[in-house]
Each structure stands twice: as structure tokens, then as C-alpha cells.
Amino acid sequence: MSTNHHHEPNIFQLEPVEVTRDVIARTRSRGSRYWGIVGVLAVLLVIGLIGLGMRLGSETTKLGYYAATFSFLFTTTQTAPLVSVAFRMTKNHWRRPIARASELFAVVGLFNLLIFIPLMIALPSTEGRWTIWIQAASWSPHVFDTMMLASLVVCGLGLLWSGAIPDFASLRDKGGSKIYSKLAMGWQGTVRQWKMQRVLLSFLGAFYFIGIIWTHYVISSDFSMSLVPGWVDSIYPTFHALSGLQAALATMLLTAYVLRRFGGYKEYIPMETFWAMSKIFLATSMLWFYFWWSAFITYWYGRQIGEQHVLQLINFGPYIYAFVIAFLFCFVFAVFMLIWNPIRKNPGALASIALMVLIGCFFDRVRLFVSSWSVSDLRDQHHLHYVPDTVLPEAPDIMIIVGLISGAILVYMLASRLIPVMSIWEMRELRLYQRSRMLVRKKVMVLGKPE
Amino acid sequence: MTMRSEWTHKWSMAVDIDKCTGCQACVVACQSENNVPLNTEGLFNQSRAMSWIRIDRYWEGEFPNVKARFLPVMCQHCGSAPCEPVCPVYATYHNDQGMNVQIYNRCIGTRYCANNCPYEVRMFNYWQPVWPESLRNQLNPDVSIRTRGVMEKCSFCVQRIRRAERTAIQEGRDLVDGEFSTACVQACPTGTLVFGDVNDPDSKVAALAHDRRQYRLLEGIGTEPNVIYLKKVDPDYENVGANEH
Amino acid sequence: MQDRKALTDKQINDTLTNSILRTPLHWYILTGFFAVIVLMGFVAVGILANRGLGMTGMNRPVYWGFFITNFVFWIGISHAGVMLSAILRLAQAEWRRPATRAAEVLTVFALGTAAMMPIVHLGRMWRFYWVFPYDWARGIWPDIRSPLVWDPHALSTYLIGSSLFIFVALIPDFAVLRDKTTGMAHQIYGALSMGFRGSVRQWRLQAIAGIILSALLLPVFVSVHSIVSWDFGMAMAIPAWHTTIFAPYFVIGAVHSGVAGVITVLILLRWLFRWDDFIRREHIDALGRLLFVVANAWLFFFALEFMFGLYHQEGTEVVVRDLWLFQTPWNVIFLLFIFTGYIIPVPMWLFRSVRRSFPLMLFTTILVNIGMWLERFLLIIPSMGRKHSFTFVWGDFAPSPIELMIVTATFALVFMLMLLFAKAFPLIPIFDIKEGNVLRDEIQIGRRTVQAVIREE
């Protein structure tokens with residue numbers, strides 16, 4: 001029984017034909033504002049790549065900011081498709097308006113893979129260090145991590161493509177360029193094809209889900225934990241994945257807001273989508289603290305010297321400012337703002353909190369990756385004997401941070417030119433499931449539950 | 001200059017592994033001094049044998065070059081004792097003389113302290129202790145008899161420390177190093193065990209604390225143990241100090 | 001597909017109160033049987049109190065045995081309640097409706113039973129109350145640094161919160177019972193229903209109270225088992241316990257075993273009280289799907305815990321894993337645990353036909369709980385037996401008859417309490433079912449009729 005919502009149910013009003021026409025029109029036409037932003041981002045990306053070039057060949061202790069930026073992009077953009085995947089599994093209708101927008105982040109995965117390669121080459125070998133690749137060859141992280149990331153990217157692209165085939169077909173039929181015929185691969189919308197698409201989406205979705213969790217595990221372990229002697233933290237991979245989920249929700253909240261406000265999709269993305277995402281967003285913010293605390297209390301209580309040094313390194317020592325910002329933004333402010341219903345009902349407020357969480361997530365990655373790369377030259381040690389000083393960002397690092405983040409946004413924007421950012425077939429399907437009727441004296445929405 | 005009697009004593013023990021023969025005289029002496037329950041064969045079979053000081057025996061090498069290494073282990077009275085914060089009722093705490101003390105009548109027997117002791121030196125009374133009629137007169141009146149359900153462990157013979165302190169106060173003088181010792185130190189035939197105030201610069205223990213053979217058990221886990229171990233010197237090995245027992 | 005019969009309000013009232021007003025004979029037989037075992041359990045506790053913990057199999061260094069394993073197990077079972085009623089209510093899942101009350105009641109009774117276990121395992125159990133914050137003796141308060149002080153407080157909070165939650169949800173059902181009984185029963189139900197008439201304002205208040213309690217209970221639900229896990233996690237001297245993942249690992253294990261426990265209870269209740277119209281295939285199908293996801297999440301956490309145990313490549317953590325895999329009898333127990341806890345039941349749940357079959361779901365969920373009990377055992381006991389590098393004092397454990405008796409008695413206790421509850425209060429929430437009926441609808445899509453639900457917001 002709902003007692004705290006007093007607005008009319010959000011019933012999607014557009015006719016199916018209108019949906020197709022509208023979305024195709026928006027995909028094809030772009031204003032000068034769009035191209036202006038793309039231009040700026042392109043310039044910033046070039047600056048970033050120059051910065052990257054300057055950093056390559058430096059000693060590994062200076063590569064922390066590059067690693068942190070990669071981890072941040074991986075955490076936000078590659079976990080984003082999970083929002084669509086997970087809520088398609090639970091058969092929630094509110095995911096429909098943002099489903100394509102979230103799957104589109106799989107294209108950014110290609111960008112992530114490209115910027116990963118230099119990082120992978122720079123990763124020190126596992127000789128003399130503890131690693132999750134127990135007793136395996138010292139090039140294990142390099143090969144296996146690249147394979148996992150590449151498989152994840154391929155799976156994500158497959159997921160995007162299978163989810164978009166019906167829309168490619170629409171674009172092909174409405175006089176689009178030849179590329180859509182190739183992408184649509186003869187889709188006619190027969191019953192058999194729909195069934196196959198559904199199967200493909202569930203399998204690829206399940207693989208993506210499992211894949212993203214395991215990729216978080218290997219990336220976080222190989223690229224930060226195993227670089228620090230004496231840091232054995234079984235919860236760390238899950239912390240990384242959970243903070244990824246929080247960041248993914250933040251990314252989607254922000255994207256949904258931008259699409260609603262600036263993309264003209266206001267009728268498509270109702271309050272219900274924001275409301276549902278905000279509840280899980282609140283839960284993940286609380287869980288952020290829970291996972292961080294589990295690690296902290298276990299280490300701190302035991303008073304073992306090596307572990308106290310690790311706590312200093314990643315929390316309270318040289319990176320304390322990054323930690324405080326991450327803690328405040330990802331947990332304290334996020335939770336104490338999101339518990340209020342009026343804030344959760346306001347898309348603008350949610351977008352601001354999402355932006356704050358993303359900034360917090362970035363600083364969280366800084367405190368984890370810059371710190372661990374700053375000791376990456378320690379070999380044959382099994383305990384951290386001293387805590388090194390803060391590694392502050394220099395000009396190439398700032399260039400990398402700004403450039404790579406711009407690059408990710410740029411790739412997304414360019415991809416949205418080719419692939420519609422709103423899922424036409426899923427919104428049309430929503431129309432089939434939604435009805436409105438009177439219950440006693442109130443107008444309510446009836447939602448069909450697919451089996 | 002502060003009077004020695006006003007210093008805070010820090011009671012410590014030194015154990016010279018080089019001299020230990022594994023004779024277990026210390027174990028017997030401790031048992032009789034502290035009214036430690038008798039270890040019957042049944043108790044050993046239940047893995048519940050209690051001794052506040054134990055001699056670990058590790059075998060090294062293959063026949064015919066087998067060696068037995070003896071390691072006397074008693075409560076280390078850790079500076080950062082892991083057993084202390086986990087007791088829900090403050091039955092164990094750190095006093096101002098550097099000792100970890102156990103309050104028997106406060107203990108409710110959760111046994112978390114024993115789980116959290118990395119040296120495994122805490123003993124739990126699973127059964128009500130029983131002394132045969134003939135041994136009742138042997139019990140030390142200075143030490144309370146523990147009931148079943150409470151933890152106990154080496155107390156550095158705190159009753160002897162207090163008696164020596166009282167005597168010194170009555171006689172208006174400072175404690176002299178070596179005027180009293182714990183039961184195990186008293187019984188040890190080879191002088192393996194040495195007891196004293198490590199804050200007293202003239203004591204034997206203080207000198208041994210800076211010996212070049214000195215080490216602590218499980219260094220690095222952060223417990224700051226108060227017992228000083230001196231490494232065995234084995235002429236059969238290449239490097240002196242390479243084997244640490 | 002959802003197979004529903006259209007039931008009138010009167011039919012719902014009658015069927016769901018039949019356990020109270022027309023108790024079947026087998027209820028008496030079962031309750032009597034469990035009561036006997038519970039009494040034997042109390043006698044065993046009496047013997048333990050009289051003769052001491054020497055009667056158990058605990059020794060040095062294995063200071064904690066079956067009682068603590070059982071404690072963690074029952075705390076685990078108690079997590080089903082909040083999972084099903086609070087989380088699924090907030091997620092607006094319709095299929096939770098018949099399960100919520102049984103899950104919540106199982107929670108309260110499992111918690112109560114669990115709370116008895118640490119008391120029974122104390123050396124001086126008559127002094128257990130010294131852990132509560134009061135100057136009981138000579139000016140000493142409990143040590144708040146100890147996880148054993150966090151534990152009873154977390155448990156009490158969860159117990160009180162869950163009890164309040166059940167009570168608030170029971171109020172409309174008390175009113176139904178008040179209106180169907182006479183005499184003494186009528187007086188009692190009348191007092192308990194606190195004048196509930198079903199007015200708009202009262203329904204609104206009851207719903208808000210339920211939502212607020214759900215939201216407040218969720219953090220408690222996560223923190224209780226985390227605090228229980230920190231009984232082990234804070235022990236730095238036991239390397240196999242000193243791992244950061246314990247908190248979420250225990251919680252997910254608790255949800256796994258708890259939801260399986262609820263499914264077992266629901267299927268048994270359905271058989272016992274002939275509630276076939278209320279506990280339907282679609283419910284255990286949905287619960288089975290939830291359990292599949294939770295079981296896989298649990299496996300992931302278990303794999304992480306296992307993997308990071310081997311991370312050091314040295315020391316006693318590797319020894320414990322070696323024990324689990326290669327040394328009898330531990331490897332037999334390990335195999336039993338992994339097969340019953342995961343390998344047999346979980347792949348079975350991939351199949352719709354299994355998820356919709358009552359006997360198979362009963363079988364798989366009982367297996368899961370056997371496996372999870374063994375998992376707690378494997379996590380707790382060998383770790384103590386292989387502590388730090390002083391191999392001279394490594395040890396093993398074997399349970400004693402008294403421990404087996406008391407552990408069996410706890411199972412009998414929970415079943416008996418559930419049966420007693422069913423005799424006095426409805427175990428399927430009447431008002432919840434009726435609300436579900438009101439919110440049900442059907443829509444036509446093309447030629448197909450699809451079940452639908454009414455959303456008020």
C-alpha cells in the first residue's frame with residue numbers, strides 16, 4: 001500500500017508510431033550545441049592523450065593517477081549497463097526509458113579497453129609479490145586481465161547490439177543509411193526472431209553480470225591490492241564492485257536527467273524511473289560505508305603493524321584528503337540527502353547528488369590507486385614497513401584525468417548519433433503493458449506482469 | 001632523582017632457549033605454586049591439560065640427526081594484548097606494572113580471550129578442579145582456587161610480587177633485583193628463566209633485553225610481548241642466529 | 001503463469017483461521033513430539049549447568065564448538081524475515097504476500113533460540129547478564145570494545161524490532177479473530193487488536209508504521225549478522241577468521257539459509273493446514289528464483305574467502321584449506337557441505353519444473369540448510385584447531401552427546417514455537433492476501449490475457 005506518493009501515476013502517453021518517429025528524428029538531427037560540445041571534448045581528449053604519452057615510460061610510482069582514472073572510467077561506464085541488465089532480469093518496467101542509454105555505455109568499453117593497454121604494459125610483474133594468480137606465471141595478470149576486459153567489452157557490445165536490432169530495423173525502414181541494414185541483419189519482427197532476441201538478451205545479460213563482478217575482482221586485485229605488500233583484503237573486490245554499482249546508478253541518474261532536460265525526452269522518462277533508481281542509489285550508498293567499515297574495523301582492531309601501515313596508506317595517511325572527500329561525498333552527504341522523499345522525487349536534486357557521488361568515486365579511486373602505485377616498486381616484501389609520502393598530481397596527470405574522462409563522454413555522444421539513445425521497441429512494448437482504470441474513486445495504472 | 005620504589009615496575013621475563021633442557025621443572029613448580037588443577041591422563045586425552053607454562057617440543061631433522069627443540073611458553077603479558085579488548089566483562093586488563101591480569105570472579109567464561117591469544121597460553125577450567133585428600137595441604141593459601149567456568153593463565157606469580165613489595169615497604173627500602181622470583185624461575189635448574197624489572201637499569205632482565213640474541217615470539221603481529229627470548233646458538237648451523245626457536 | 005482461484009473474503013477468513021479455530025489432530029501430535037524433545041534439551045542444559053562445560057567436546061585450543069555453530073546458524077535463519085517482508089515490500093513484489101508472516105515469525109523464534117546458545121556455552125552461564133550495560137557488580141561496566149558486547153545489543157535490537165513489526169502487521173488479523181471468537185479468546189484478541197475497525201485512517205497508520213519499521217529494520221538486518229561475524233573477524237590470533245569479507249559473507253549466507261528455511265516452513269504449513277489456495281506454485285517459483293540469485297552471490301563470496309585464504313601462500317590459513325580439501329574427516333564434511341549447500345540444489349533451481357514442485361523444493365531447501373550448518377561448522381572449528389604457528393598446541397574437536405542433544409532441541413524448539421504460534425495467530429496475513437486480491441487485475445494484449453497488478457503511484 002502506498003501512502004507517500006500523491007501524484008498521478010505516470011502513464012506513458014505517446015502512441016507507438018509517434019515513439020518511432022520522435023526518437024528517429026532526435027537521433028538524426030543534432031544541433032550546433034551538440035557539435036560544439038563534441039568539439040571541446042575532442043580537443044580535451046587530444047590533450048589527455050598527449051599527457052598519457054608524457055607519462056608513459058615514467059617509473060611505475062608515478063602512474064597512479066593514470067591507473068585511478070582508468071579505474072574510475074571502468075567503474076562508472078562499464079558497470080552502467082548493469083542497470084539495464086539487472087532490472088530486465090527482475091522485469092521492472094521503469095527501466096525501459098533508460099535501458100538503451102545504459103547499454104550504450106558498452107561502446108565506451110571499447111575506449112576503456114584501448115586506454116587499458118598501456119596500463120597493462122606498465123603493470124609490474126608479479127615476481128616476489130602476493131597475487132590472486134597463485135603459483136601462476138608472472139605475466140598472468142597482464143594476459144588474463146586483458147582477456148577478461150576484452151570479453152566483457154565484447155559481451156557488452158553484443159548486449160547493446162541485440163537490444164538495438166529492432167531499432168536498427170526501424171531506422172533502416174525509415175530511410176536510414178546503409179549501415180542500418182547491415183546492423184539490423186534482416187530483422188523482420190517475426191515471432192521466432194523476437195523469441196531469439198529475448199534468449200540472447202537474457203544470456204548476454206547474465207554473462208555481463210557475472211563478467212562485470214569478476215572483472216572488478218581481477219582489476220581491483222591486480223592493479224591495486226597486490227601492489228601493496230601485506231594488503232590482503234578479501235572484501236576489497238566486492239567493495240570495488242559495489243562502489244561501481246553506486247557509480248553506475250549515479251551515471252544513469254545523471255544521464256537520465258540530461259536526456260530529460262536537454263535531450264527532449266521528458267515524456268519518456270517519468271518520475272517513477274528516478275524514484276526507483278534513487279531507492280537503490282540510497283541502498284548502495286549505505287552499503288559503501290558498510291563495505292568500507294568491514295575492511296577498516298577488521299584491520300584496525302587487530303593492531304598488526306603491517307596492517308596498520310596499510311590503513312595509513314589508503315585511508316588516513318598521505319591520501320587523507322582524498323579519503324575524506326570520498327567518504328563525505330559517497331556516503332555521508334549522499335545518504336543524508338537521499339533519505340528525504342522530496343529530494344528523491346526531484347530529478348534535478350538527484351542529478352546533483354549523482355554528480356557529487358561521481359566526484360567522490362573519483363577521489364576514492366585516487367586514494368586507492370595512487371597510493372598502491374606509489375609503492376609498486378616494493379618487491380620481495382610481505383609487509384608494508386613504512387608509508388610513503390603523498391604523490392601529488394603533476395601537469396601530465398591533470399591532462400590525463402581531464403582528457404580521458406572527456407574521451408569517454410565523447411565516445412558516448414558520438415555513439416548516440418548512430419544508435420538511438422531511447423529504446424523504441426521497449427517503450428512501444430510498455431504501451432502494450434500499461435493501462436489505466438478507476439479503482440474506487442482514484443485513477444490508477446495497471447501494469448501487466450510478463451512471465 | 002626519583003626513588004626507585006616510586007618507579008613503575010615493568011615485570012618481565014627472559015627465556016634463554018640455549019639453556020633449556022626441556023626438564024619441565026618450571027611446569028611442576030608453577031602448578032604447585034599457583035594451585036593449577038591436576039592434569040590426569042583423562043584430561044590429556046580430552047586435550048584440556050592445563051599448565052600456565054608449557055614446554056613446546058619441536059622435532060627437527062631426520063633420523064639419525066634428529067634434534068628436539070624446547071620452547072618454554074607462558075603468558076607474554078603483551079603490551080598490546082589481543083585478549084584484553086575482547087573480554088565483554090573486563091575480566092582481563094593491563095595493570096600499571098606491565099602485566100596482563102585475570103580477575104577470576106569477574107570471568108563469565110566466554111573464552112574469547114583464549115581464542116584471541118596467538119600464543120595459546122590461556123587455560124579454561126572445563127571441569128571443577130578436584131584435589132585428592134592427600135594434596136589438599138599442598139595448596140598455596142596465597143592463591144585463590146578457581147572454580148569451573150573461568151579462565152586462568154600465568155600471572156608472573158603476582159602473589160610473590162605483592163609479598164615482596166609489602167616486605168620492602170615494611171622495611172622501608174627498595175626492591176632488590178633477584179630478591180624474589182616467580183616459581184618457574186626459582187625451580188629452573190639451568191638458569192633458562194630470568195625474572196625481573198626491565199625498568200630497573202641494573203637488573204639482569206634489563207641487560208638481557210638488549211642482548212644481541214634477543215627476539216620476541218611472533219614479532220610483527222603487533223602484540224608487543226613482554227617476554228624476552230634469547231636465540232639458541234647451535235654450532236652445527238652455518239650462521240649464528242639463523243635458527244630461531 | 002499465475003494460477004489463482006477467486007476467493008471471497010469470507011473464504012479467506014475461514015481458511016486462514018482454520019489453524020486456530022479448527023486445529024487438526026496432527027497438530028497436537030507434532031507439537032507434543034517436539035515438546036518432548038525440547039524438554040529433553042532443557043534437561044541437558046541443566047546437566048551442563050550442573051557439571052560444567054567439560055561435558056561438551058570443547059577443549060584447548062578449540063574453545064568454541066557446536067553451540068556457537070548453532071548460534072550462527074539460527075541467526076542466519078532469522079534473516080529470512082526481513083528479507084522477505086521488508087525488502088520485498090519496498091520492492092513491491094506481489095508474490096511475497098503469503099510468506100511474510102511465516103518468515104517474520106520464523107525470524108523472531110530463530111533469534112530467540114539463537115540468543116540462548118551463547119548463554120548455554122558460557123563457563124558461568126548464570127552471570128550472562130553482566131554483558132548488558134549496567135553496573136551489576138562493584139562498579140564495573142561491560143567492555144564496549146568487545147564484539148561479545150556488540151552482539152547481545154544487536155540481537156536485542158533486532159528481536160525487539162522484528163517483534164514490533166510482527167505485531168503491527170498482526171493488528172488487522174487480530175481484529176478478524178476478535179470478530180470470529182467468543183469468550184476468553186474474544187477478550188484477548190480484542191485487547192490485542194487495540195480497537196481496529198478498518199477505517200481509512202487506521203489502515204493508513206498501519207501501513208505507514210509497517211513501511212517505517214521496514215526501512216528501519218533493514219540496516220539492523222545487515223548489521224546484526226555483521227556484528228555476529230565480527231565475533232570471529234576481530235580475532236586476529238586466528239588467521240582463518242581474520243579476513244575482511246566476513247560481514248557480507250555471513251549476511252549473504254544468512255539470506256541463503258534463511259530464505260531456504262522459509263520455503264521449507266511454507267511447504268510444511270501448506271501441507272499441515274491445507275492452505276493450498278494461498279501458498280501456490282507461483283510463490284515457491286518466485287522464491288526459488290530469488291534463492292538462485294542469492295545462492296550464486298553466496299558462492300561468489302565463499303570463493304573470495306577461500307581464495308584470499310590462500311593468498312599468503314604460507315601460514316595457518318593454507319593449512320585450514322588443506323584440511324578442508326585433503327584430510328579426513330574434514331574433507332568428507334567439506335564435500336557434504338558443498339554438495340548439499342550448493343551443487344545439488346542450485347542447478348536444480350534452474351529448472352522451472354523443479355521450482356514449481358513442492359516435494360522437490362522441500363528437498364532442496366532442507367539440503368541447503370544442512371549444507372549451511374556444516375559450512376558454519378567448517379568455518380569455525382578447524383580455524384581454531386589450526387591457530388598460529390605453535391603447531392604443538394594445534395587440536396581437533398569432536399561433539400559430545402550433550403551438544404548433539406541441545407542442538408537437536410533447538411530445532412525442535414523452533415518448530416514447536418511455530419506450531420504454537422499457528423494455534424493462536426494466523427500464519428498467513430489475512431489482510432495482506434485481501435490487499436493482493438484488490439490490486440490484482442488482468443489485461444488483454446492482442447489475444448493473450450496477461451496478469452497485471454494495480455499501481456497506485
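A note on names: the letters A, B, ... follow the listed sequences, proteins ahead of strands, and every chain is numbered from 1.
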Which portion of B/Cys107 sits near chain C, non-hydrogen atoms under 4.5 angstrom: backbone
Find the one option among B/Arg57, B/Gln128, B/Arg106, B/Met123 whose heavy-atom pairs under 4.5 Å with chain C are most numerous. B/Arg106
Please look at B/Tyr93 and chain C and tell me whether the side chain, the backbone, both or neither of the residue comes under 4.5 angstrom of a heavy atom of that chain. neither
When rounded to the nearest 0.5 Å, the distance separating CG of C/Asp396 from OG of B/Ser47 is 8.0 Å
If you measure from OG on C/Ser400 to CD on B/Gln46, what distance do you get to the nearest 0.5 Å? 10.0 Å
Counting only non-hydrogen atoms closer than 4.5 Å, does C/Trp394 touch chain B with its backbone (N, CA, C, O), its side chain (CB onward), both, or neither? neither
Sort out for me which of C/Ser383, C/Pro239, C/Pro61, C/Gly395 touches chain B most, counting heavy-atom pairs under 4.5 Å. C/Pro61
Is it the backbone or the side chain of B/Leu43 that comes under 4.5 Å from a heavy atom of chain C, or both, or neither? neither
Between C/Arg60 and B/Glu120, is there a donor-acceptor pair closer than 3.5 Å when you use the side chain of the first and the backbone of the second? yes
Checking heavy atoms, do the side chain of C/Phe232, its backbone, both or neither come under 4.5 Å from chain B? backbone
Heavy atoms only: give me the nearest C/Leu122-B/Ile108 pair and the separation to one decimal. CB-O, 3.7 Å
When C/Val393, C/Ile68, C/Ile144 are compared by non-hydrogen pairs under 4.5 Å with chain B, the top option: C/Val393
Test item: B/Val89 and C/Ile140 side chains (from C-beta on) under 4.5 Å apart, heavy atoms: no
Heavy-atom nearest pair, B/Val150 first then C/Arg124, reads CG1-NE, 3.7 Å
Drop me the distance from C/Ser389's OG to B/Tyr119's OH, to the nearest 0.5 angstrom. 9.5 Å
Can you measure from CD1 (B/Ile221) to CE (C/Met236) and round to the nearest 0.5 angstrom? 4.0 Å
Can you see which heavy atom on B/Tyr126 is nearest to which on C/Asn59, and at what distance? OH-O, 2.8 Å
Between B/Cys117 and C/Ala237, which heavy-atom pair has the shortest distance, and what is it? C-CB, 3.7 Å
Of B/Thr110, B/Val73, B/Thr223, the largest count of non-hydrogen pairs under 4.5 angstrom with chain C goes to B/Thr110
Working for side-chain contact (heavy atoms from CB on, under 4.5 Å), residues B/Trp127 and C/Leu53: CA-CA 7 Å; B/Trp127 296 109; C/Leu53 285 176; over 6 Å; no
Answer yes or no: does atom CE of C/Met405 have more than 12 heavy-atom neighbours from other residues, nucleotides or ligands under 6.0 Å? yes
Please indicate whether B/Glu62 has more than 12 foreign heavy atoms, meaning atoms of other residues, nucleotides or ligands, lying under 6.0 Å from its CD. no
For C/Phe392, which of B/Ile55, B/Leu71, B/Asp56 qualifies under side chain to side chain contact (heavy atoms under 4.5 Å, CB included)? B/Asp56
Can you confirm whether more than 12 heavy atoms, excluding those of C/Arg51, are under 6.0 Å from its CZ atom? no
Exercise: identify the closest heavy-atom pair between B/Asn115 and C/Lys387: O-NZ, 3.0 Å
Side chain / backbone / both / neither for C/Thr391 at chain B, heavy atoms under 4.5 Å: both
For B/Tyr112, which residues count as a ring-ring contact (aromatic ring centres under 6.0 Å, His included) partner, sequence neighbours excluded? C/Trp64
One option among C/Met58, C/His242, C/Met125 has the most heavy-atom pairs under 4.5 Å with chain B, and it is C/Met58
Measuring from B/Phe124:CZ to C/Tyr63:OH, what's the distance to the nearest 0.5 Å? 9.0 Å
Please state whether the side chain, the backbone, both or neither of B/Arg54 comes within less than 4.5 Å of a heavy atom of chain C. side chain
Can you see which heavy atom on C/Asp143 is nearest to which on B/Pro85, and at what distance? OD2-O, 3.7 Å
Less than 4.5 Å to any heavy atom of chain C: does that hold for the side chain of B/Ala49, its backbone, both, or neither? backbone
When rounded to the nearest 0.5 angstrom, what is the spacing between CZ in B/Arg111 and NE2 in C/His121? 5.0 Å
Side chain, backbone, both or neither: which part of C/Trp241 has an atom under 4.5 Å from a heavy atom of chain B? side chain
